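Just so you know, these numbers use all the heavy atoms, side chains as well, and skip hydrogens, waters and symmetry mates. Each chain gets a letter, A, B and so on, in the order its sequence line appears, and its residues count up from 1. In this text the structure is predicted, and so the values were computed from the model without any measurement.
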Number of protein chains: 2
Amino acid sequence: MAKTMTDAAEAMIRESGARVTRARVEVLAVLLKAERALSHHDVERRLNRSLGVDRVTVYRVLDWLSGCGLAHKIAGEDRISRYNAAEHAHSRAHAHFQCGRCGTVVCLDDADAPTEVPVPTGFVPHEVVLTVKGLCATCAHTRTSSSRHPPARARH
Amino acid sequence: MAKTMTDAAEAMIRESGARVTRARVEVLAVLLKAERALSHHDVERRLNRSLGVDRVTVYRVLDWLSGCGLAHKIAGEDRISRYNAAEHAHSRAHAHFQCGRCGTVVCLDDADAPTEVPVPTGFVPHEVVLTVKGLCATCAHTRTSSSRHPPARARH
DNA sequence: AAGTCACGTGCAACTATGTTGCGTTAAATG
DNA sequence: CATTTAACGCAACATAGTTGCACGTGACTT
């Protein structure tokens, strides 16, 4: 399974025509394995430590992946960017759920956004994203079952 | 005109039941006068300097305004939060345009998001936002008419 | 297989937005 | 006017992300 994802990542990068490096392959593999959007921090934690990939390199790889369309960058309410492997978000008009408490972002595959939206004169639309804000299952549960002062910024 | 907005701001804050302070009135007046969402930086620049309102106070006022519903906070792609006076964004399902180059955010009053979107089990939706990403009129224009290396982070 | 060269990487220092603690000021109330 | 307490100003801090530069390495040529 893990091997497969690494291979898949390598193939995707090779197909893009750019250089195939360990950092790129490993980061993309991490994104492919994830079932939700990952922050830079998440990616770092999930990377095999023995590889010794630098913090900055992870930033640059994530940037490159989103730049060349292999990943999708999502700006969170919490000022943290999260990334999905492009597979999960291929459409030009898709939907996300964002938890307002822990920041978790998941793709909503069943929903889709209107593809045509009227914009002011001169504006050039590229992409339409439908964002549903609220509480994820974990946060909604701990919220109701326990305290009125929730531990903000939990990260599960 | 300016006087009117200040008065309107004062009335809105008074009606909220909280303390009416100069900082709150002035910041809300600035938001009411704006025709697009403003960042903290934008607000500071537009505030009458003679008032001597502190940086941190502006942050706290913006936070308070969005907390009590008098303003609406929008997380930008560029890690900058922008704020609209609530008037402009009253609906629970509304739409924004975000420029991917300069970060400008404007409300799209003509468009609206679907109010009902299917979410995973246990998730609790609060709000739905439709975000159109692309280039604003200014950026789209300078992009086509001039250089291939656009001055990123322009702020107009 | 060795050589070349540009692209990618590691490291350190830096930037910018936003936050916190704490003593002081000033709005609201009587 | 006196009292109370929320809001303010200041300084120091926190954190996500960026930049400059020297060095290493992937891909391509010979």
Side-chain angles (χ1 to χ4, degrees), chain A residues 9-11 13-28 37-45 47 49-68 70-71 73-83 103 105 149 151-153 155, chain B residues 9-11 13-28 37-45 47 49-68 70-71 73-83 102-103 105 149 151-155:
Chain A
E10 185 174 330
I13 293 165
R14 178 147 285 134
E15 190 166 3
S16 83
R19 283 197 190 170
V20 179
T21 68
R22 237 182 356 177
R24 287 177 177 173
V25 173
E26 294 301 326
V27 169
L28 182 52
L38 300 183
S39 66
H40 169 268
H41 189 75
D42 293 331
V43 172
E44 263 202 309
R45 277 190 311 169
L47 275 177
R49 285 230 156 138
S50 60
L51 297 174
V53 181
D54 190 75
R55 217 172 71 80
V56 177
T57 300
V58 175
Y59 274 117
R60 290 198 265 231
V61 168
L62 288 171
D63 200 50
W64 177 80
L65 286 170
S66 69
C68 74
L70 288 174
K73 181 177 180 176
I74 305 163
E77 289 296 292
D78 51 3
R79 295 175 23 96
I80 296 177
S81 293
R82 291 178 175 76
Y83 299 81
V105 174
H149 288 304
R153 276 310 148 84
R155 196 151 293 158
Chain B
E10 185 175 330
I13 292 165
R14 178 148 283 134
E15 190 166 3
S16 84
R19 285 197 190 172
V20 179
T21 68
R22 238 184 353 176
R24 286 178 178 174
V25 172
E26 295 300 326
V27 170
L28 182 52
L38 300 184
S39 66
H40 169 269
H41 189 74
D42 293 331
V43 172
E44 264 201 308
R45 276 191 311 167
L47 276 177
R49 285 217 155 160
S50 60
L51 296 173
V53 180
D54 190 75
R55 217 171 73 80
V56 177
T57 300
V58 174
Y59 274 116
R60 290 198 264 232
V61 168
L62 288 171
D63 199 49
W64 177 80
L65 285 170
S66 70
C68 75
L70 288 175
K73 181 177 180 175
I74 304 162
E77 290 296 291
D78 50 4
R79 290 175 29 93
I80 296 178
S81 293
R82 291 177 174 77
Y83 299 83
C102 70
V105 175
H149 287 304
R153 273 313 147 81
R155 196 150 293 157

Give the rounded distance in Å between these two atoms: [atom1] of [X] and [atom2] of [N].
{"X": "A/Lys73", "N": "D/dA16", "atom1": "NZ", "atom2": "P", "value": "14 Å"}
{"X": "B/Ile80", "N": "C/dA16", "atom1": "CD1", "atom2": "C1'", "value": "8 Å"}
{"X": "B/Tyr59", "N": "D/dA7", "atom1": "OH", "atom2": "P", "value": "20 Å"}
{"X": "B/Ile13", "N": "C/dA27", "atom1": "CD1", "atom2": "C1'", "value": "13 Å"}
{"X": "A/His41", "N": "D/dT15", "atom1": "NE2", "atom2": "P", "value": "10 Å"}
{"X": "B/Asp63", "N": "D/dC8", "atom1": "CG", "atom2": "C1'", "value": "15 Å"}
{"X": "A/Arg24", "N": "C/dC7", "atom1": "CZ", "atom2": "P", "value": "11 Å"}
{"X": "A/Leu62", "N": "D/dT18", "atom1": "CG", "atom2": "P", "value": "10 Å"}

Considering all heavy atoms, the nearest [X]-[Y] contact:
{"X": "A/Ser66", "Y": "A/Asp63", "answer": "OG-O, 3.0 Å"}
{"X": "A/Gly76", "Y": "B/Ala75", "answer": "O-CB, 3.6 Å"}
{"X": "A/Gly103", "Y": "A/Asp78", "answer": "CA-OD2, 3.7 Å"}
{"X": "B/Arg82", "Y": "B/Cys102", "answer": "NH2-O, 3.9 Å"}

Determine whether a donor-acceptor pair (one donor, one acceptor, N or O, separation below 3.5 Å) exists between the side chain of B/Arg79 and the base of C/dT17. no
Assess the residue pair B/Leu38 and B/Tyr83 against the criterion (side-chain contact (heavy atoms from CB on, under 4.5 Å)); give the C-alpha distance rounded to whole Å, side-chain angles, the decisive distance to 0.1 Å, and a yes or no. CA-CA 5 Å; B/Leu38 300 184; B/Tyr83 299 83; 5.8 Å; no
Report each atom pair, protein N/O against N/O of nucleotides 10-13 of chain D, whose distance is under 3.5 angstrom.
| unit_1 | atom_1 | unit_2 | atom_2 | d |
| --- | --- | --- | --- | --- |
| D/dC10 | OP2 | B/Asp54 | OD1 | 3.3 |
| D/dC10 | N4 | B/Arg60 | NH2 | 3.4 |

Between side-chain atoms of residues 15-27 of chain A and protein atoms elsewhere (two or more places apart, or another chain), which donor-acceptor pairs fall under 3.5 Å?
| unit_1 | atom_1 | unit_2 | atom_2 | d |
| --- | --- | --- | --- | --- |
| A/Ser16 | OG | A/Ile13 | O | 2.7 |
| A/Ser16 | OG | A/Ala18 | N | 3.3 |
| A/Thr21 | OG1 | A/Arg24 | N | 3.3 |
| A/Arg24 | NH1 | A/Arg19 | O | 2.9 |

When the nearest nucleotide of DNA chain C is assigned to B/Arg14 and to B/Ser81 on a heavy-atom basis, which residue is associated with the more 5' position? B/Ser81
Less than 4.0 angstrom between a side-chain N/O of B/Thr57 and OP1 or OP2 of D/dA7, yes or no? no
If the cut-off is 4.0 Å, is B/Thr21 near the phosphate of D/dC8, judged by side-chain N/O to OP1 or OP2? yes
Angle between the two end axes of the helix from C/dA1-D/dT30 to C/dG30-D/dC1, five base pairs per end, rounded to 10 degrees? 40°
Hey, what do you get for OG1 (B/Thr57) to CG (B/Leu51), rounding to the nearest 0.5 Å? 11.5 Å
Taking side-chain contact (heavy atoms from CB on, under 4.5 Å) as the test, write out the residues that go with [X], two or more places apart.
{"X": "B/Val56", "result": "B/Asp54, B/Arg60"}
{"X": "A/Ala71", "result": "A/Leu31, A/Leu65"}
{"X": "A/Ala11", "result": "none"}

Per nearest nucleotide of DNA chain D, the residue lying toward the 5' end, A/His40 or B/Trp64, is B/Trp64
B/His40 side chain to B/Arg55 main-chain N or O, any donor-acceptor pair under 3.5 Å? yes
Checking A/Glu44 now: which residues fulfil salt bridge (Lys or Arg N to Asp or Glu O under 4.0 Å) with it, not counting sequence neighbours? none
Polar pairs (N or O, both sides) under 3.5 Å between protein and nucleotides 1-5 of chain D?
| unit_1 | atom_1 | unit_2 | atom_2 | d |
| --- | --- | --- | --- | --- |
| D/dT5 | O2 | B/Arg19 | NH2 | 3.0 |

